[in-house]
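Here is the naming used below: chain letters follow the sequence lines, and residue numbers restart at 1 for every chain.
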There are 2 protein chains.
Amino acid sequence: MLPEPYDLLPTTARQSHTIAAGDVLFRQGARTLGLYVLITGRVHLERVGPNGERLIIHRATSGTSFAEASVFSERYHCDAIVMDAGELVRIDKSAVLAAFANPDFARAYGRHAAQQVQAHRQIMGIVGIRRAEDRVMAGIVAGLLDGTVVDFAARLQLTHEATYRALRALVEAGRVTNPSRGTYRLA
Amino acid sequence: MLPEPYDLLPTTARQSHTIAAGDVLFRQGARTLGLYVLITGRVHLERVGPNGERLIIHRATSGTSFAEASVFSERYHCDAIVMDAGELVRIDKSAVLAAFANPDFARAYGRHAAQQVQAHRQIMGIVGIRRAEDRVMAGIVAGLLDGTVVDFAARLQLTHEATYRALRALVEAGRVTNPSRGTYRLA
DNA sequence: GGCAGCATATGATTGAAATCATATTCCAGA
DNA sequence: TCTGGAATATGATTTCAATCATATGCTGCC
């Protein structure tokens, strides 16, 4: 099933596609068709600077949507390139725009978007903390350590080595417990 | 005037307030009244962790809104504390929820939120670049160097010293020009 | 006009995270 | 059951951004 709020859209608005590494979903400047929900695989959004510099705007991961802003725009403003094969759903721009007439969808969309903005702001604040130990502690307090430590480290923009070391230091300082290999909790 | 999309709401939904440093707008766990648009001044959103750790979730600046997600929530999930005196507008939660029945508002809200998410994702990607020189270059390509270098440095989560040095290195490498003191452009 | 404060700018030193290396455990799949 | 890959974990070394320091230009304000 699709993640909120796109599950509220009529099935006619969706198109499933299998994707292979190297596929180009769209190019900067192309007319927008809609947004995408990545089911499995990996997709990079890249923008090419005026002098040919490639800048990765976003790395889409399983279960997340991307190119949401294309719904409100005539042209894509970046390239979407498949890194790992998988599956995705394209959601019609016009269907989304029409769905805003449905207050239930509109509110679900609003809630989802507001929460995402909130989450981003929080992570940005945490990533701004310089000391690895403080950053990791803040990440734990914020509840960001749900999956693997490797994922956690990536979210904190730290190497996993630095993250493991910080976790160890926090455990030794008694601020965090390490009940079992790979699991850490607030003391 | 209020920033989009809140300018579309009836004036009865707004309440202007002057705020003084140290004021508490709301506390974690308090019933939600609505979101805020900061006109002038500075406000910090902080969350207190289970063991009393204070974590700054967000630093709101002039002209931006905060606590948007409170519209969809019964309780505030962080504290809002005024750092510098100023002025703000509180926007009624119920008015926003009701306004989602208006497709124009809903779409404006959606567009605004989608663009914000996009912008956040881009900055997060850039901040993830380790080398200061590459990070600064990416920031310039992304068009983030519009105001002062000090602001630019803060957005990149770099010290301004490191940013100046990186700019200088980029100028020396011929990738960036420095037409006048304090202004930098892509070569 | 003079002073305070800030942005710009750069040099020297330090410290902490990245990098490189290696070992073990765990899990999925052939 | 064996095997390969990923996560966990930690040690050694290096690099590079933070920090500390200092100077100058610019602006607003009293």
**Student:** Can you see if the side chain of A:T159 gets near the phosphate of C:dA17 - specifically, an N or O under 4.0 Å from OP1 or OP2?
**Tutor:** no
**Student:** Can you work out whether A:R135 or B:V150 has the more 5'-proximal nearest nucleotide on DNA chain C?
**Tutor:** B:V150
**Student:** Tell me the interatomic distance from A:D151, atom CG, to D:dA6, atom P, rounded to whole angstroms.
**Tutor:** 13 Å
**Student:** According to a hydrophobic-cluster definition based on side-chain heavy atoms being under 4.5 Å apart (Ile, Leu, Val, Met, Phe, Trp, Tyr only), do A:I140 and A:V171 belong together?
**Tutor:** yes
**Student:** How close do A:A187 and A:T177 get, heavy atom to heavy atom, and via which atoms?
**Tutor:** CA-CG2, 3.9 Å
**Student:** Expressed in angstrom and rounded to an integer, what is the separation of B:E172 atom CD from C:dA9 atom P?
**Tutor:** 13 Å
**Student:** Nearest whole angstrom, please: distance from the P of D:dA17 to the CD of A:Q157.
**Tutor:** 15 Å
**Student:** In whole Å, I'd like the distance from the CZ atom of A:R181 to the P atom of C:dT25.
**Tutor:** 7 Å
**Student:** What is the distance from atom CG of A:D84 to atom CD1 of A:I19, rounded to the nearest 0.5 Å?
**Tutor:** 9.0 Å
**Student:** Within the structure shown, what part of the strands sits under 4.0 Å from A:R165 by heavy-atom distance: base, sugar-phosphate, or nothing?
**Tutor:** base
**Student:** Between A:Y36 and A:F26, does the ring centre distance come in under 6.0 Å?
**Tutor:** yes
**Student:** Roughly, in whole Å, what's the span from CG in B:L156 to P in D:dA18?
**Tutor:** 11 Å
**Student:** Of the candidate nucleotides D:dA9, D:dT8, C:dA17, which contains the atom at the shortest distance from the side chain of A:R168?
**Tutor:** D:dA9
**Student:** Hey, which of these two, A:T148 or A:R130, hits DNA chain D nearer its 5' end, going by closest nucleotide?
**Tutor:** A:T148
**Student:** What is the distance, rounded to the nearest whole Å, between atom CD of A:E133 and atom P of C:dA16?
**Tutor:** 10 Å
**Student:** Starting from C1' on D:dT14, measure out to CD on A:E161 and report it in whole angstrom.
**Tutor:** 14 Å
**Student:** Cut-off 3.5 Å, side chains only: do B:Q118 and A:H77 have a donor facing an acceptor?
**Tutor:** yes
**Student:** From C-beta outward on B:Y164, which listed nucleotide comes closest to its side chain: C:dA7, D:dA7, C:dT19?
**Tutor:** C:dA7
**Student:** Looking only at side-chain atoms of B:N178, point me to the closest of D:dA18, C:dA9, D:dA9.
**Tutor:** C:dA9
**Student:** Between B:Y184 (OH) and C:dT8 (P), how many Å, whole number?
**Tutor:** 8 Å
